[in-house]
Amino acid sequence: MSQVIQTAFRKAEKKYKRGQAPDLDNAVDLENTATAAANEAVRAIQLAHDLETPATLPFRLFRQKRPPAFVLRGHPGLLLIPNPFTDEAQRWLARKCLCDCPRPPNRTNLDAFFDMPPESLFALASSATTCSQPIANRSQADILKADVTLPKDKVYTQPAQPSSLLERQRWCTLGMQYNWTTKEYDRGSSPFDQSLDCVMRAIAIAITRPDGASGPDTDNKYDGNSFASEAGIVNYYDERAAMAGHVDKTEEKMDAPLISLSIGLSCVFLIGGATRDAEPTPIVLRSGDVLAMCGKSRMAYHGVPLVLAGTAPEFLSNPSAGAGDVVAAMYPEWHYFASYMTQHRINCNARKCS
C-alpha cells in the first residue's frame with residue numbers, strides 16, 4: 001500500500017485536532033503585548049494613523065488611538081492588532097453579528113433548507129413568545145434549486161425550533177452574496193451594514209503604511225482611504241468547530257486587505273504560504289483581536305483547526321455585563337448573549353471585491 005504524503009499544512013491541522021490537549025508552546029500569542037515584542041516570530045510596528053471611532057457610533061470603539069501592532073516574520077503582509085476594542089464595543093459587535101447580520105437579504109447556510117423568517121434566529125430564540133414556534137423546512141425540490149447537496153441529517157428535512165437551528169447556523173454573507181458551491185459572487189448584492197463598514201474602514205486607514213514597517217515582513221501598499229466593505233462573512237464557531245485550510249481569492253481587488261475581527265472564544269489560527277506545503281505558523285487569536293491580510297498574505301493558505309473552550313472574557317460571559325450599554329435597549333437582554341458567547345467564537349471579516 002502506498003503511503004499518503006501529507007502536506008505541512010495538513011500536519012499542522014492534525015496537531016491541533018479537537019479532543020487532544022492543545023500544545024501551544026510554539027504558537028504566537030500576543031495577549032501580553034509587553035512580552036510579545038520579545039517573540040522572535042513577530043516584529044512590533046507603529047501605526048502611522050489613528051484608529052478613529054466613527055461619528056455614527058454613540059460609544060467609544062477603540063481603547064486607544066494607536067495600539068500596539070505586529071507583523072509576523074516570514075509572512076509578508078500579515079498584520080495583527082491585539083484587541084484594540086473597548087469592552088462595550090465587543091458586546092456591540094456580538095449583538096450585530098448575532099441579531100443584525102443574519103437577517104434577509106443576507107444569506108445563511110440554513111436558507112437553502114428552511115423558510116427563514118425576517119427576524120434573526122438569535123432574536124427568536126431569545127423571545128418568550130417566539131422561541132417555541134417552529135421554522136418550516138423547504139421541500140426537496142426547493143433545496144435542489146438552491147444548488148446545494150441534500151443534507152443527510154434529518155434535522156434539515158423537518159420543521160425546527162429557532163434555538164435548535166441557532167446551533168446549526170455556521171455563517172452568513174454580507175454585501176455581495178457569495179456562492180459556496182461555485183466559489184463566486186453570483187447571488188446578487190445586499191447593502192453592507194453601514195456601521196460595520198465604518199469599523200472596517202477605520203482599521204484599513206489605520207494600518208496604511210505603518211511606521212517602521214519597511215522590510216520583508218511588511219507588504220501593505222494599499223491606501224486605506226480607498227477601502228470599502230463590499231463583501232463579508234460572519235462565521236459562527238462552537239467549541240467543536242473548525243475551518244479547513246483555504247485561500248480567499250475570488251475577489252478582483254486582491255491588493256486591498258482582508259480585515260478579520262474575532263469575538264468570544266479564543267482559537268488557533270494557522271497562516272501558511274502560497275501552497276499547502278509551506279510550514280504554517282500557529283497564532284492564538286483572542287476576543288477582540290484584529291487580523292489583516294495584506295499584500296502577499298492575501299494569497300496565503302489559512303484556517304482555524306481548533307477553538308479553545310473556556311476562554312471567553314468575563315465582559316462577554318457575565319450575564320449582567322451589557323446591561324448599561326448604550327445600545328442595550330435595541331437588543332435582547334445581555335444574559336442571552338452571555339450564554340451564547342461562553343461557548344462560541346464569532347469571526348467577522350470584510351473585503352473589497354472590485
Would you check if the side chain of [X] reaches a backbone N or O of [Y] as a donor-acceptor pair within less than 3.5 Å?
X      : Y      : value
Arg170 : Glu167 : yes
Asp289 : Glu31  : no
Ser190 : Pro105 : no
Gln169 : Leu121 : no
Asp111 : Thr108 : yes
Ser126 : Tyr336 : no
Asp193 : Ser195 : yes
Ser127 : Ala123 : no
Gln177 : Gly175 : yes
Arg276 : Arg10  : no

What pair of heavy atoms forms the shortest contact from [X] to [Y], and how long is it?
X      : Y      : result
Leu165 : Leu110 : O-CD1, 3.6 Å
Met200 : Phe227 : CB-CE2, 4.0 Å
Arg298 : Met254 : NH2-SD, 3.5 Å
Trp334 : Ala94  : CH2-CB, 4.3 Å
Cys348 : Cys97  : CB-SG, 3.9 Å
Lys96  : Leu196 : CE-CG, 4.5 Å

Does the side chain of [X] reach to within under 4.5 Å of the side chain of [Y], using non-hydrogen atoms?
X      : Y      : result
Leu265 : Tyr237 : no
Val304 : Leu285 : no
Ser260 : Phe269 : no
Pro84  : Val290 : yes
Val234 : Pro102 : no
Lys14  : Gln6   : yes
Leu98  : Ser120 : no

Assess whether side-chain contact (heavy atoms from CB on, under 4.5 Å) is satisfied between Asp255 and Lys352, documenting all intermediate values.
CA-CA 9 Å; Asp255 61 329; Lys352 184 176 174 64; over 6 Å; no
Out of curiosity, [X] [atom1] to [Y] [atom2], how far, rounded to the nearest 0.5 Å?
X      : Y      : atom1 : atom2 : value
Phe192 : Thr173 : CZ    : OG1   : 10.5 Å
Cys101 : Asn106 : SG    : CG    : 7.0 Å
Leu24  : Tyr16  : CG    : OH    : 6.0 Å
His344 : Ile263 : NE2   : CD1   : 15.0 Å
Arg60  : Thr53  : CZ    : OG1   : 7.5 Å
Tyr340 : Asp238 : OH    : CG    : 8.0 Å

Under 3.5 Å, is there a donor-acceptor pair between the [X] and [Y] side chains?
X      : Y      : result
Arg201 : Ser229 : no
Gln194 : Thr56  : no
Asn225 : Thr208 : no

Taking 4.0 angstrom as the limit, do Asp29 and Arg286 come out as a salt bridge? yes
Closer than 4.0 angstrom, basic N to acidic O: yes or no for Glu88 and Arg91? no
Pick from [options]: which one makes a side chain to side chain contact (heavy atoms under 4.5 Å, CB included) with [X]?
X      : options                : value
Phe122 : Tyr331, Phe337, Tyr236 : Phe337
Ile283 : Leu30, Leu270, Leu78   : Leu78
Ile135 : Pro117, Pro159, Ser164 : Pro117

Report task. I would like to know whether Val199 and Trp92 meet side-chain contact (heavy atoms from CB on, under 4.5 Å); could you show each step before the answer? Result -> CA-CA 12 Å; Val199 175; Trp92 172 76; 3.8 Å; yes
Let me check something: do Leu174 and Met116 share a hydrophobic cluster, defined by ILVMFWY side-chain heavy atoms less than 4.5 Å apart, either directly or through other members? yes
Q. Do Leu80 and Ile205 sit in the same hydrophobic cluster, where Ile, Leu, Val, Met, Phe, Trp and Tyr count as joined when their side-chain heavy atoms come under 4.5 Å apart?
A. no
Ring pair (Phe, Tyr, Trp, His ring centres under 6.0 Å) pairs touching residues 243-267, sequence neighbours excluded, are His246-His302
*Report the C-alpha distance between Phe85 and Leu261 in whole Å, list the side-chain angles of each, state the deciding distance to 0.1 Å, and finish with yes or no for side-chain contact (heavy atoms from CB on, under 4.5 Å).*
CA-CA 10 Å; Phe85 297 103; Leu261 316 179; 4.1 Å; yes
*Please walk me through it: do Arg66 and Leu51 pass side-chain contact (heavy atoms from CB on, under 4.5 Å)?*
CA-CA 6 Å; Arg66 298 199 186 183; Leu51 277 172; over 6 Å; no
